[in-house]
Number of protein chains: 2
Amino acid sequence: MTPKINQRKKIEAKNTQDERRGRGRPAVFDRATALQEAMKLFWERGYEGTSFNDLIAAMGISASSFYNSFGSKEELYCEATHSFLEWSGQWFFAILNDPSIDTRTAFARLFEATAEEFTRGDHPLGCMISLAGTHCPPGMKNIRDMMAEHRAFSESAMAARIRKGVMDGDVAPDVDCEMLAAYYSAVARGLAVQARDGAAREKLSEIGRLAMRAWPMAKSDVRE
Amino acid sequence: MTPKINQRKKIEAKNTQDERRGRGRPAVFDRATALQEAMKLFWERGYEGTSFNDLIAAMGISASSFYNSFGSKEELYCEATHSFLEWSGQWFFAILNDPSIDTRTAFARLFEATAEEFTRGDHPLGCMISLAGTHCPPGMKNIRDMMAEHRAFSESAMAARIRKGVMDGDVAPDVDCEMLAAYYSAVARGLAVQARDGAAREKLSEIGRLAMRAWPMAKSDVRE
DNA sequence: GGATTTTTGGAGTGATGACACCAAAAATAA
DNA sequence: TTATTTTTGGTGTCATCACTCCAAAAATCC
């Protein structure tokens, strides 16, 4: 957990792959692919549940390559997390910020997409962030905090979208945007648990549809 | 993980405390209290995150007492889980089966109680079941399955309550009871994540209130 | 008090975890 | 080719984990 010596050396070695100094043997394995494999393992088993040996086996590299390229298990976990976020953020923000749909539709589509993404066969079920770090010993507080921050980030992105809806006029002005975002965030976490427990895609979709029934009446709906 | 010999001996020793044979030294520590302490630790840190040494320290017993009284870490976890369920099942089923309130009110009160129970100071935040065993290595599949079963159980209890509501006439007859239960189950899991991340009691309450807005129109509401 | 039965402290076990290090191999620039 | 730089396999290390065992202590019943 606590790096001792050679910290400088590791960092240098790690950066080397990006900014090669023109000499020396280049990497034999594909760093991005190895990272993807590590991500899937962490996603499936969590941080604690994934051992060093599991990782290097799945990544197809040796212990020293691991050490040279990724620094430590914890650093790799951070990288894998960011890799996941970059990937899931694509569909998440594409839908959330789609200018061609109103706020309510955006959230409805978000849950449709969530149901699909949480039950795909080409990667573990559910979400890598939603349930991570919720149980952890005192020594792993930094990981717990990191994951809580990621969760808070997506919740605040939802809140921002709802606030935009209020400005655009497609969300009632008296709506508590943060609270509505908290609610939909909670539903999304719940979907992650359901997915983990093997719920079918259609079940997740329907839960999302039910969750949308809590959407506040728009000003126009009230008037008409 | 795999007990080898002396299995018989352990079981006998374990039962001894309940059905004493009239001779020999009785237990020095309070088994129920020790179990409570173990429960809180598991609840806070999860199965993997709680070490043998953490356990015996918190329980105030020696390794051999642990071994004699509880068999193994896994058996203790099962016991702690059942202890939790017995305890949380009290308020859960008291509200769910309260004959003096209709179905919708029962669920609303369930979320009120959930918000309160998930944010109490005298035990860890959230729920011991909701998020447990969602990440685990292959060797812990039995624990994963056990927790998934517990989650499915509470979901089916909710479904049964809604079905009763349909029979009683306070829930619209065309409601998909299992799906509605799945939705509220998901919300409850989401509340557990929010609680873990430090959400205030009032925030959880409000999320529950929002979730109740998805409740299906009763027949009478539609008619009038 | 003595015999019996169980608990307890304390030391030990094999397995696994997460690194850490080094000498040899490999690939590039010159 | 040679010098240089980096990767890699293999081995070692230290801690922790979940148990395991045994002899001594303690509390009961007769």
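Just so we're on the same page: letters track the sequence lines, and every chain starts at 1. As the structure is a prediction and not an experimental result, all values here were calculated from the model.
- For the pair E48(B) CD and dA18(C) C1', the computed distance is 16 Å after rounding to whole Å.
- Minimum atom distance to the side chain of Y67(A) is reached by dC21(C), of the listed dT20(D), dT8(C), dC21(C).
- One interatomic measurement links the two molecules: CG of D30(A) to P of dT7(D), which rounds to 14 Å at whole-angstrom precision.
- Between the side chain of R151(B) and the backbone N or O of I129(B), at least one donor-acceptor pair lies under 3.5 Å.
- Non-hydrogen atoms lying under 4.0 Å from DNA chain C are contributed by nothing in residues 33-42 of chain A.
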What nitrogen or oxygen pairs link the protein and nucleotides 10-16 of chain C at under 3.5 Å?
from, atom 1, to, atom 2, distance (Å)
dG10(C), O6, S64(B), OG, 3.3

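- Put simply, S65(A) has a side-chain N or O that comes within less than 4.0 Å of OP1 or OP2 on dT8(D).
- Residue Y77(A) contributes atom OH, which lies 14 Å from atom P of dA18(C) at whole-angstrom precision.
- Aromatic ring orientation, H150(A) versus H82(A): perpendicular (interplanar angle above 60°, classes split at 30° and 60°).
- Taking atom NZ of residue K73(B) and atom P of nucleotide dT20(D), one finds them 14 Å apart after rounding to whole Å.
- Protein atom CD1 of I56(B) is 12 Å distant from nucleotide atom P of dT8(C), rounded to whole Å.
- Atom CG of N68(A) is separated from atom P of dT5(D) by 16 Å (rounded to the nearest Å).
- Atom CD of E74(A) is separated from atom C1' of dA18(C) by 12 Å (rounded to the nearest Å).
- Salt-bridge formation is detected for the pair E155(A)/K203(B): a Lys NZ or Arg NE/NH1/NH2 atom is positioned less than 4.0 Å from an Asp or Glu carboxylate oxygen.
- Side-chain atoms of S69(B) and R31(B) form no donor-acceptor pair, as typed in the model, at a separation below 3.5 Å.
- Judged purely by distance below 3.5 Å, without hydrogens or angles, the side chains of S65(B) and N68(B) never pair a donor atom with an acceptor atom.
- R45(B) has its side chain out of reach of C136(A): every pair of non-hydrogen atoms, C-beta onward, lies at least 4.5 Å apart.
- Here the C1' atom of nucleotide dA18(C) and the CD atom of E75(A) are 13 Å apart, to the nearest Å.
- The pair R209(A)-E112(A) fails the salt-bridge criterion, with no side-chain N (NZ, NE, NH1 or NH2) lying under 4.0 Å from an Asp/Glu carboxylate O.
- Residues Q36(A) and S83(A) have side chains that bring a donor and an acceptor to within less than 3.5 angstrom of each other.
- Atom CZ of F153(B) has 12 or fewer neighbouring heavy atoms from other residues, nucleotides or ligands inside a 6.0 Å radius.
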